[in-house]
Amino acid sequence: MTDHAPEREQQLIELLGTIHRGWRYEARDVPGLPRWWAYRYQQVTAAQHAAGARDVVARGTVHRLAQALGRQDEITHIIRH
């Protein structure tokens with residue numbers, strides 16, 4: 001995705017950081033890889049992993065990353081151990 005607006009994306013990432021606090025965010029400009037990456041501060045448990053939780057999530061847009069993080073947070077909140 002080459003037509004992103006860096007200032008707007010950064011604002012959205014900062015907002016994500018207040019909503020999804022358990023993650024660290026990084027942008028990558030590598031052809032063939034998603035642009036936005038999120039890394040958990042704490043690893044998921046085996047039960048959470050089996051339910052679909054991941055330690056790293058990557059998507060091409062901030063909006064898709066936000067959707068994926070919402071789902072990840074649902075999994076980890078439902079399965080605590």
Query - Neighbour count >12 (heavy atoms, 6.0 Å) for atom CZ, Arg8 - result: no
**Report entry** Pairing residues for His49 by the side-chain hydrogen bond (donor to acceptor under 3.5 Å, both in side chains) criterion, not counting sequence neighbours
**Finding:** Arg54
**Report entry** Sequence-distant partners of Arg40, side-chain hydrogen bond (donor to acceptor under 3.5 Å, both in side chains), two or more places apart
**Finding:** Gln72
Report summary line: side-chain contact (heavy atoms from CB on, under 4.5 Å) filter on Leu69, not counting sequence neighbours, yields Leu16, His20, Trp23, Tyr25, Ala38, Val57, Leu65
Report summary line: By side-chain contact (heavy atoms from CB on, under 4.5 Å), Leu15 pairs with (sequence neighbours left out) Thr18, Ile19
Query - Sub-4.5 Å side-chain heavy-atom contact between Arg64 and Gln67 - result: yes
Report summary line: Residues at least two apart in sequence or cross-chain that pass side-chain contact (heavy atoms from CB on, under 4.5 Å) with Ala51, listed by chain then number, are Ile75, Ile79
**Report entry** pair Leu12-His63: side-chain heavy atoms closer than 4.5 Å
**Finding:** yes
Query raised in the report: With the 4.5 Å side-chain cut-off for hydrophobic clustering, are Trp36 and Val56 part of the same group?
Result: no
Report summary line: Looking only at heavy atoms, the pair that brings Pro34 and Gly60 closest together is CB-N, 4.0 Å
Query raised in the report: Which heavy atom of Gln48 sits nearest a heavy atom of Thr76, and at what distance?
Result: NE2-O, 3.4 Å
Query - Test side-chain hydrogen bond (donor to acceptor under 3.5 Å, both in side chains) applied to Glu74 - qualifying residues, sequence neighbours left out - result: Arg71
Report summary line: Value for CG (Asp73) from CZ (Arg21), rounded to nearest 0.5 Å, stands at 12.0 Å
Report task. Can you sort out the partners of Arg24 under side-chain contact (heavy atoms from CB on, under 4.5 Å), two or more places apart, ordered by chain and number? Result -> Glu26, Tyr39, Tyr41
